[in-house]
Trainee: 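Got a structure here, written out as structure tokens. Questions coming.
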Protein chains: 2
Amino acid sequence: MVPKDPSKVRIKDLAQALELSMGTVDRALNNRPEISAATREKVLKAARRMGYHPDLVASVLSSKRRLRIAVNLPRGVTPFHEEVRVGIEEEHAALGKSVVNLEYFHFPGLGSGEMAALDRAIKSGLDGMIISSTADTEVKERLRHLIQLGVPIVCVGTDIPGVDTVATVTIDPFVSGSLAGELVGRLSANTGPIAIVTGDTTVTNHRQKVESFQSTIQQFFPSLDLLPAIEAHDNVEEAYEKSIELLRAHPDLTACYISTGNSIAVLKALKDSKMLGKTMVLTTDLLKQLLPHIRSNRVAGTLYQRPRQQGATAYRVLHHYLSQGQRPAQPIRLDPYLIMRANLDAFLVRRPLSQS
Amino acid sequence: MVPKDPSKVRIKDLAQALELSMGTVDRALNNRPEISAATREKVLKAARRMGYHPDLVASVLSSKRRLRIAVNLPRGVTPFHEEVRVGIEEEHAALGKSVVNLEYFHFPGLGSGEMAALDRAIKSGLDGMIISSTADTEVKERLRHLIQLGVPIVCVGTDIPGVDTVATVTIDPFVSGSLAGELVGRLSANTGPIAIVTGDTTVTNHRQKVESFQSTIQQFFPSLDLLPAIEAHDNVEEAYEKSIELLRAHPDLTACYISTGNSIAVLKALKDSKMLGKTMVLTTDLLKQLLPHIRSNRVAGTLYQRPRQQGATAYRVLHHYLSQGQRPAQPIRLDPYLIMRANLDAFLVRRPLSQS
DNA sequence: TTGAAAGCGCTAACAG
DNA sequence: CTGTTAGCGCTTTCAA
């Protein structure tokens, strides 16, 4: 242990140097309204010159308020979001629960009850919000409104086109897509048709994955026959129907890259078309039902999206923005983990899968 | 924002309930000596009963001391450790510099000056320490002594056999080794000799990587001819000599997995033996000199060890131990990133490589 | 061994 | 618009 740095510049020091009161200095430093522009400038300049840095600990202790972060996520349907929630919770604990109040607003599924949950959250008053992607235009409208009111929103999992979030945390679509391309190219026969099943190409993140995958195949494996991307819109039926159709048109499908969470439906279509085990399959999620397929190599591998880390990072970014006012310059992109037959069990040891 | 929880139990509440002073309660709660065993028990019981939880923010603000964490790492030789340092620094900034004082004790290389740096650190007094692996028995002796004095030590990068660190942060050797095995098995011809170059098999982490790799090959690719592991002891000359020897004995080497940071020397040996581009190579680091080899596919891929994340995690774990007294039950293991030709550039975009 | 009281640096309520 | 002052919950003297 060591004594606190005595050379540290405090509000009191600034106040003395400028012959102002601590209250005034505080007002200038924290952008409070009750102060003249002139004094504010003077204070800010002095603060910069003297090297003032706010002491967050003291600030938190002193203010009788805590930040309120709302978490709007579907509950009980997608394992991805269950994991995201765990990550948020863990980071919340690590960063100190005494500073932030976490409040969950669940809804039963993507697109159902989302609006109501959002309205509840808004009504309860909040300083920031973590959400997952949404395609609902009405929801988007509300989000834009929230942002206008100055409430920062962090989106986790995908981006939301048309909504100016403070940050967006996703898997790196370029790394993911190009690695998928490389693996498909190397691990499958080097001729024949290659399919890619995605969510919705109006979502930037989805589109970038597709494009990276495609350009990797074109550049390094030109002998493969790249089929147009299939959009399944995160819908089980749609994914199944379109996959069946695909397999009818291409009964010799060499490989299939499922770039968002639709693997189960696609696998079912493969099975029903008697292609399971013949077509090389690369997925991006890690569901319980997927494990036997990976073990038996019917699924060559999965580019795990690390939902827990995504949740933790989203929380952290929002926390940082709320306490320091800095938003990340770039979208935040995590690198995927490659999980295959051999490393699956070593991976799972440290990472109990949530049910479903 | 929301008012602070008014139902929170404070020291003052305990004091009032027990008809003691805040000072006495504080002494009991923090294991200070100047208190009778009887009152201490009474206080602790009441604290538990009433659900008291210390407010760390207030505690830090009030105490005139800060934690002192020493970082003992080589400087200017291994890019790995440069990155580890960046990670430590970032996490330090994120977790609040006002709580901890970071102090660096550098030394010029693994095994040189390490002892002196350690002694300087010890003499300066410290609450915790982050170090990297060491093979030096004299250094280990000192570390054990430090631990006996109650100074927690977190080891980053590898483990230190025989030293009871509070935590050890490494890449997951099982995931890493088995994934390497899978990739070697799938991406190389399925016959011929396979080599593995490691550091030092007395280091648990190194041994586990080797064993995972071997058992994966044996289980899934039995037609490959697995050669005994080569130990290079993180020494450039040794790595080169032994590789040359290896290649003389096995001029048809199918693949080579370099499981610790010796890739450059091994690649030089491959080149000098005219085998570069013929033998499939899998590495674990990401040096500047390696990039052209990855781009040209002479190196099939690298299982990146994420040194920055390792540093950040090490800091975080130590911080947590120092403030909460909890040590992780298990060694902390990160999963590697697979980097290949196609995703290399997408990966580097967000991650400027340090020089050398 | 215990109690009383003065801060840590900042915020917020109130007065001017 | 600005100044004054009383805390936030805990630690740390200093006195008893």
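Since the structure is predicted, the reported quantities are computational estimates derived from the model, not experimental observations. Chain letters run A, B, ... following the sequence lines, proteins first, then strands; residues in each count from 1.
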Trainee: May I have the distance from A:L18 (atom CG) to D:dT2 (atom P), rounded to whole angstrom?
Mentor: 12 Å
Trainee: For residues B:V139 and B:M115, report the shortest heavy-atom separation together with the two atoms involved.
Mentor: CG2-SD, 3.7 Å
Trainee: Taking N or O atoms only and anything under 3.5 Å, show me the protein contacts with nucleotides 3-6 of chain D, one pair per line.
Mentor:
{"residue": "D:dG3", "atom": "OP2", "partner": "A:S21", "partner atom": "N", "Å": "2.9"}
{"residue": "D:dG3", "atom": "OP2", "partner": "A:S21", "partner atom": "OG", "Å": "3.1"}
{"residue": "D:dG3", "atom": "OP2", "partner": "A:T24", "partner atom": "OG1", "Å": "2.6"}
{"residue": "D:dG3", "atom": "N7", "partner": "A:R27", "partner atom": "NH2", "Å": "2.6"}
{"residue": "D:dG3", "atom": "O6", "partner": "A:R27", "partner atom": "NH1", "Å": "3.2"}
{"residue": "D:dG3", "atom": "O6", "partner": "A:R27", "partner atom": "NH2", "Å": "3.4"}

Trainee: Can you list, by residue number, the residues of residues 35-54 of chain A that have a non-hydrogen atom closer than 4.0 angstrom to DNA chain D?
Mentor: A:I35, A:S36, A:T39
Trainee: Rounding to a whole Å, what distance do you find between A:L61:CG and D:dG7:P?
Mentor: 14 Å
Trainee: Taking the nucleotide of DNA chain C with the nearest heavy atom to each, does B:A58 or B:E34 sit closer to the 5' end?
Mentor: B:E34
Trainee: In this structure, how many angstroms lie between the P atom of C:dG9 and the NZ atom of A:K12, rounded?
Mentor: 8 Å
Trainee: Of all residues at least two apart in sequence or in a different chain, which pass the ring-ring contact (aromatic ring centres under 6.0 Å, His included) check with B:H92?
Mentor: B:Y315
Trainee: Can you see whether A:T24 engages A:S21 through a side-chain donor-acceptor pair at a distance of less than 3.5 angstrom?
Mentor: yes
Trainee: Closest approach of A:A117 and A:F107, non-hydrogen atoms and distance?
Mentor: CB-CD2, 3.7 Å
Trainee: Whole Å only: how far is the CG atom of B:L29 from the P atom of D:dT12?
Mentor: 13 Å
Trainee: Report the C-alpha distance between B:S59 and B:S62 in whole Å, list the side-chain angles of each, state the deciding distance to 0.1 Å, and finish with yes or no for side chain to side chain donor-acceptor pair (under 3.5 Å).
Mentor: CA-CA 5 Å; B:S59 157; B:S62 166; over 6 Å; no
Trainee: Can you name the nearest heavy-atom pair linking A:L29 to A:A47, along with the distance?
Mentor: CD1-CB, 4.1 Å
Trainee: Can you see which heavy atom on A:F80 is nearest to which on A:P307, and at what distance?
Mentor: O-CB, 3.5 Å
Trainee: Does A:H106 have any ring-ring contact (aromatic ring centres under 6.0 Å, His included) partners at least two apart in sequence or in another chain, and if so, which?
Mentor: A:Y104
Trainee: Does a nitrogen or oxygen in the side chain of A:R32 sit under 4.0 Å from OP1 or OP2 of D:dC1?
Mentor: no
Trainee: How far apart are the closest heavy atoms of A:L318 and A:G128, and which atoms are they?
Mentor: CD2-C, 3.9 Å
Trainee: For a side chain to side chain donor-acceptor pair (under 3.5 Å) check, start with the C-alpha distance between B:T39 and B:S36, then their side-chain angles and the critical distance, and finish with the verdict.
Mentor: CA-CA 6 Å; B:T39 29; B:S36 72; 2.5 Å; yes
Trainee: Axis-to-axis angle across the helix from C:dT1-D:dA16 to C:dG16-D:dC1, five pairs an end, to 10 degrees?
Mentor: 40°
Trainee: Is it the case that D:dG9 (base atoms only) and B:S59 (side chain only) share a donor and an acceptor within less than 3.5 Å, ignoring hydrogens and angles?
Mentor: no
Trainee: Expressed in angstrom and rounded to an integer, what is the separation of A:R10 atom CZ from C:dT11 atom C1'?
Mentor: 17 Å
Trainee: Only counting residues at least two apart or in another chain, list the ones meeting side chain to side chain contact (heavy atoms under 4.5 Å, CB included) with B:P54.
Mentor: B:Y52
Trainee: Rounding to a whole Å, what distance do you find between B:Q16:CD and D:dG9:P?
Mentor: 12 Å
Trainee: Once you round it to whole Å, what is the distance between P of C:dC14 and CG of A:D26?
Mentor: 16 Å
